[in-house]
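In this chain, numbering begins with 1 at the start of the sequence shown. Scope of the values below: all heavy atoms of this structure, side chains included, with no hydrogens, waters or symmetry mates.
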Amino acid sequence: MKYLLTVFLFLFLFPTSSFANYNIVISKRLQIMNVYEDGQIMASWPVSTARRGYYTPTGTFYPYSYQLMHYSKKYDNAPMPHSIFFSGGFAIHATPHVGNLGRPASHGCVRLSPSNAASLYNMTKGEPTTITIKD
């Protein structure tokens with residue numbers, strides 16, 4: 001009985017229909033990001049990952065920090081708007097260098113156009129999100 005009451009209260013207080021589950025899948029080979037909401041593709045955007053001599057990690061990650069505007073301590077205070085940090089100092093964020101999207105160009109972060117980065121940030125902030133980066 002205690003178990004049923006706990007389950008009931010949990011479902012009542014935290015209904016699953018109010019949360020979207022997002023899965024962000026990034027292909028370094030294709031330089032593309034696909035965004036899925038509850039298993040349905042919502043967006044497909046070009047990205048830039050690490051250029052030669054730098055590294056973008058592969059694997060499955062979970063966002064641990066959302067920052068509307070971050071400035072890189074490592075790279076001359078470079079602005080990183082709409083940052084979604086997922087591993088160490090690695091983040092998905094906006095770039096003004098949209099001409100480089102679709103090919104490796106970063107120091108390791110995953111870069112998006114400003115409008116796509118803002119959409120991703122607003123869509124996933126506070127929602128269960130998984131980031132998968134593949135070679």
Side-chain angles (χ1 to χ4, degrees):
M1 184 67 170
K2 190 179 201 181
Y3 173 76
L4 289 176
L5 181 60
T6 302
V7 170
F8 175 76
L9 286 174
F10 182 82
L11 291 174
F12 180 74
L13 295 174
F14 304 103
T16 56
S17 62
S18 66
F19 294 103
N21 288 303
Y22 290 97
N23 189 16
I24 301 166
V25 180
I26 299 159
S27 169
K28 294 194 300 185
R29 182 175 61 82
L30 299 175
Q31 295 294 293
I32 196 105
M33 170 189 290
N34 291 320
V35 181
Y36 299 87
E37 179 183 4
D38 295 326
Q40 300 294 316
I41 191 155
M42 299 303 295
S44 186
W45 297 317
V47 298
S48 288
T49 60
R51 66 181 185 243
R52 186 173 303 219
Y54 294 92
Y55 169 75
T56 299
T58 56
T60 300
F61 307 94
Y62 304 94
Y64 66 85
S65 177
Y66 283 76
Q67 296 182 30
L68 194 56
M69 178 56 84
H70 178 81
Y71 293 93
S72 173
K73 293 171 185 66
K74 189 172 184 179
Y75 296 107
D76 301 319
N77 222 26
M80 298 166 59
H82 295 104
S83 291
I84 303 171
F85 284 88
F86 60 87
S87 178
F90 293 99
I92 299 169
H93 64 82
T95 181
H97 306 289
V98 294
N100 288 328
L101 295 174
R103 63 179 176 256
S106 79
H107 287 116
C109 287
V110 178
R111 296 178 179 177
L112 283 169
S113 74
S115 62
N116 293 342
S119 293
L120 185 69
Y121 182 94
N122 292 323
M123 189 185 319
T124 62
K125 186 174 183 187
E127 300 291 336
T129 302
T130 302
I131 300 167
T132 303
I133 304 176
K134 303 175 181 183
D135 280 326

Enquirer: Considering non-hydrogen atoms only, spot the tightest contact between P81 and H93 and give its length.
Expert: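 It is O-CB, 3.4 Å.
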
Enquirer: Using modelled atom types and a 3.5 Å cut-off, is there a donor and acceptor pairing between side-chain atoms of S106 and backbone atoms of T49?
Expert: yes

Enquirer: Within the side chain of D38, is there an N or O that forms a donor-acceptor pair under 3.5 Å with the backbone of N21?
Expert: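 Present.
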
Enquirer: Can you check whether A50's main-chain N or O pairs, donor with acceptor, with T56's side chain at less than 3.5 Å?
Expert: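 Pair found, side chain donor or acceptor close to backbone of A50.
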
Enquirer: Can you tell me how far OG1 of T124 sits from CD1 of I131, rounded to the nearest 0.5 angstrom?
Expert: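 If we round to the nearest 0.5 Å, I131:CD1 and T124:OG1 are 7.5 Å apart.
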
Enquirer: Would you confirm whether Q67, through its side chain, and S83, through its main-chain N or O, come within 3.5 Å as a donor-acceptor pair?
Expert: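 It does not hold such a pair.
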
Enquirer: What heavy-atom pair brings L101 and S113 nearest, and what distance separates the two atoms?
Expert: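 Residues L101 and S113, closest heavy atoms: CD1-N, 3.5 Å.
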
Enquirer: Does some side-chain heavy atom of L68 sit less than 4.5 Å from a side-chain heavy atom of H82?
Expert: yes

Enquirer: With a 4.0 Å cut-off on N to O distance, would you call K28 and D135 a salt bridge?
Expert: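 Judged by the 4.0 Å cut-off on N to carboxylate O distance, K28 and D135 do form a salt bridge.
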
Enquirer: To the nearest 0.5 angstrom, please state how far the CE atom of M123 sits from the CD atom of E37.
Expert: 7.5 Å

Enquirer: To the closest 0.5 Å, what do you measure between CG (N116) and CH2 (W45)?
Expert: 5.0 Å

Enquirer: Donor-acceptor pair, distance only, cut-off 3.5 Å: does the side chain of S27 make one with the backbone of L30?
Expert: yes

Enquirer: OH of Y75 to NE2 of H107: how many Å apart, nearest 0.5 Å?
Expert: 5.0 Å

Enquirer: S48 side chain to N100 main-chain N or O, any donor-acceptor pair under 3.5 Å?
Expert: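 Such a contact is found between S48 side chain and N100 backbone.
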
Enquirer: Once the angle between the rings of F86 and F61 is folded into 0 to 90°, is it parallel (under 30°), tilted (30 to 60°) or perpendicular (over 60°)?
Expert: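 F86 vs F61 ring planes: tilted.
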
Enquirer: Do you know which two heavy atoms are closest between G102 and P46, and how far apart they sit?
Expert: N-CB, 4.0 Å

Enquirer: Can you check side-chain contact (heavy atoms from CB on, under 4.5 Å) on Y22 and L120, steps first, answer last?
Expert: CA-CA 10 Å; Y22 290 97; L120 185 69; over 6 Å; no

Enquirer: Give, for atom CD1 of I92 and atom CZ of R111, the distance between the pair rounded to the nearest 0.5 Å.
Expert: 14.0 Å

Enquirer: Using side-chain contact (heavy atoms from CB on, under 4.5 Å), reason through Y66 and T129 one step at a time and then give a plain yes or no.
Expert: CA-CA 12 Å; Y66 283 76; T129 302; 4.0 Å; yes

Enquirer: Look at the aromatic rings of Y64 and F85 and report parallel, tilted or perpendicular, splitting at 30° and 60°.
Expert: tilted

Enquirer: Could you tell me which non-hydrogen atom of P128 sits nearest to which non-hydrogen atom of A20, and how far apart they are?
Expert: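 Looking at all heavy atoms of both residues, the shortest contact is CD-O, 3.1 Å.
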
Enquirer: Under 6.0 Å from the OH atom of Y54, do we count more than 12 heavy atoms belonging to anything else shown?
Expert: yes

Enquirer: Where is the tightest heavy-atom contact between V47 and I32, given as atom of each residue plus distance?
Expert: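 For V47 versus I32, the nearest heavy atoms are CG2-N, 3.7 Å.
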
Enquirer: For the residue pair P79 and M69, what are the closest heavy atoms and their distance?
Expert: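 Heavy-atom minimum between the residues: CB-SD, 4.1 Å.
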
Enquirer: How many angstroms lie between OG1 in T132 and OH in Y62, if you round to the nearest 0.5 Å?
Expert: 7.5 Å

Enquirer: Is a side-chain N or O of Y121 found less than 3.5 angstrom from the main chain of I84, in a donor-acceptor match?
Expert: no

